[in-house]
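For reference, the structure is listed below as structure tokens.
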Amino acid sequence: MEGFNVNTLVRESVRKLQPYSSARDEYVSDGSDMIFLDANENPFDSGVNRYPDPYQRSLKSLLAEQKAVSENQILLGNGSDEVLDLIYRAFCEPNKDNIITLPPTYGMYKVLSGINSVENKEVLLTTDFEPNVDEILKVVDANTKLIFICSPNNPTGNSFKNDGIKRLLDSFKGIVVIDEAYIDFSKDQSWISQLKKYPNLIVTQTLSKAYGLAGIRLGICYASEEIIGVLNKIKPPYNVNQLTQQRALQRVLNQDLVNQEVQQILDERTELMKALDSLEFVIKLYPTDANFVLAKVDDANKRYQQLLEKQVVVRNRSTQPLCENTLRFTVGTPEENKKLIAILKAIQ
Ligand SMILES: *Cc1c(COP(=O)(O)O)cnc(C)c1O
């Protein structure tokens, strides 16, 4: 991508914006004996009486080291949902610009398009669930700012082949967002390693899945320093709270435990797939690179209800294009899986 200049893609109002400067932008405690009388906080120490670090420096420094990027290439948000919303707001002019998504995929992109009054052009995946690159490039117009690629994809579970994604990165003059919410379950390498090569690439990740921290809401965005600079301008100053920063830091430091849990989930996934495969009402299992399995069944509504009667909640994805009569099973604990498998085998 020669001659890429992110400023030509940024919304005019954002380009002109003078960002809010918070008290903690100017001074952050370095542990020395400073007296902070600048932010109208309650001075009595409770562990959380101070505003959090608006740039989450400790957490970013650890992530930067682990992912081999600079701290200025990271933006953290209140879940990836906030990160994705910031990307829309930075680049898409409401009622003028458009974005492209590749259904069947994560539903939030479309919702965010609606919230931000941005047209969502849709280009279906091929029947083997790969991006239809020729068709995507045909649909791109002068107002197309973003293409959202979810890999491994939710709800299909597969990772997309590199060639198609590379072609998009090479040809598209806007920004390609690769949502890697499930990358920690995948054999494939993260696209973070390609950030230097592609200034039009944004990679998002989250602590909600493999890291087991959906409850604290921590989403991560990796991109060029220029793109991160734009997103920093418009993010709410204290969008990642103190408790979240602390818990995230502990967990990211304990990488061995995360890896161990991921391996256990992958082992359980193998067991679950074997069991699903042996069932008469399961017509097809789709290849998965994530912590869930998409299965085509004879009658998804019926099987969904039968499981619900046994207190098991799965996701019926049948309304999604190319996903008729499919159920999505998240991999649970070994005990949960045992129960699920016994219930599935008893269903007629
Ligand atoms: C679960 C999921 C997320 C996670 O969103 P958070 O807001 O970080 O919890 C993001 N993208 C996809 C595709 C997901 O399935």
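Since the structure is predicted, the reported quantities are computational estimates derived from the model, not experimental observations. Computation of the quantities below employed the complete heavy-atom set of this structure, encompassing side-chain atoms and omitting hydrogens, waters and symmetry-equivalent molecules. Atoms within a ligand are numbered from 1 in the order they appear, just like the ligands themselves.
Looking from atom 9 (O) of ligand 1 to the surrounding protein, the closest heavy atom is S208 OG, 2.6 Å. K209 NZ, 1.2 Å is the protein heavy atom nearest to atom 1 (C) of ligand 1. Here the protein heavy atom with the shortest distance to atom 15 (O) of ligand 1 is Y182 OH, 2.7 Å. Scanning the protein for heavy atoms near atom 7 (O) of ligand 1, the closest one is R217 NH2, 2.6 Å. The nearest heavy-atom contact from the protein to atom 5 (O) of ligand 1 is S80 OG, 3.2 Å.
No part of M108 comes within 4.0 Å of ligand 1, judged by heavy-atom distances. The part of C150 lying near ligand 1 is the side chain, judged by heavy-atom distances below 4.0 Å. Contacts of D179 with ligand 1, taken as heavy-atom pairs under 4.0 Å, involve the side chain alone.
The side-chain contact (heavy atoms from CB on, under 4.5 Å) check on S21 picks up D25, E26, with sequence neighbours excluded.
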Could you list the donor-acceptor pairs under 3.5 angstrom formed by side chains in residues 312-319, with sequence neighbours left out?
from: N316; atom 1: OD1; to: S318; atom 2: N; distance (Å): 3.1
from: N316; atom 1: OD1; to: S318; atom 2: OG; distance (Å): 2.6
from: N316; atom 1: ND2; to: N301; atom 2: OD1; distance (Å): 2.9
from: S318; atom 1: OG; to: N325; atom 2: N; distance (Å): 3.3
from: S318; atom 1: OG; to: T326; atom 2: N; distance (Å): 3.3

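The ligand atoms of ligand 1 that sit less than 4.0 angstrom from a heavy atom of N154 are 15 (O). Contact atoms of ligand 1 toward A181: 2 (C), 3 (C), 10 (C), 11 (N), 12 (C), 14 (C) (distance under 4.0 Å to a heavy atom of the residue). Close contacts between ligand 1 and G79 involve ligand atoms 7 (O), 8 (O) [criterion: under 4.0 Å to a heavy atom]. Atoms of ligand 1 found under 4.0 Å from any heavy atom of D81 (numbered from 1 in listed order, with element): 5 (O), 7 (O).
In this structure, R50 is not positioned above the aromatic face of F36 in the sense of NZ or CZ being under 6.0 Å from the six-membered ring centre and within 45° of the axis.
Using cut-offs of 30° and 60° for the angle between ring planes, the Y88 and F148 rings count as parallel.
For T156 and N153, the side-chain atoms include at least one donor-acceptor pair closer than 3.5 Å.
A salt bridge between R251 and E261 is present, with a side-chain N of the basic residue lying under 4.0 Å from a carboxylate O of the acidic one. Looking at K166 and D170, no side-chain N of the basic residue comes within less than 4.0 Å of a carboxylate O on the acidic one, giving no salt bridge.
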For E335 and K338: C-alpha separation, side-chain torsions, deciding distance, then whether salt bridge (charged side-chain N to carboxylate O under 4.0 Å, His left out) applies. CA-CA 5 Å; E335 295 72 30; K338 234 185 242 115; 5.6 Å; no

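Under the 4.0 angstrom criterion for non-hydrogen atoms, E82 is not in contact with ligand 1. Judged by the shortest distance from any of its heavy atoms, A214 lies outside the 4.0 Å radius around the atoms of ligand 1.
A distance of 7.0 Å separates CD1 in I136 from CD1 in I100, rounded to the nearest 0.5 Å.
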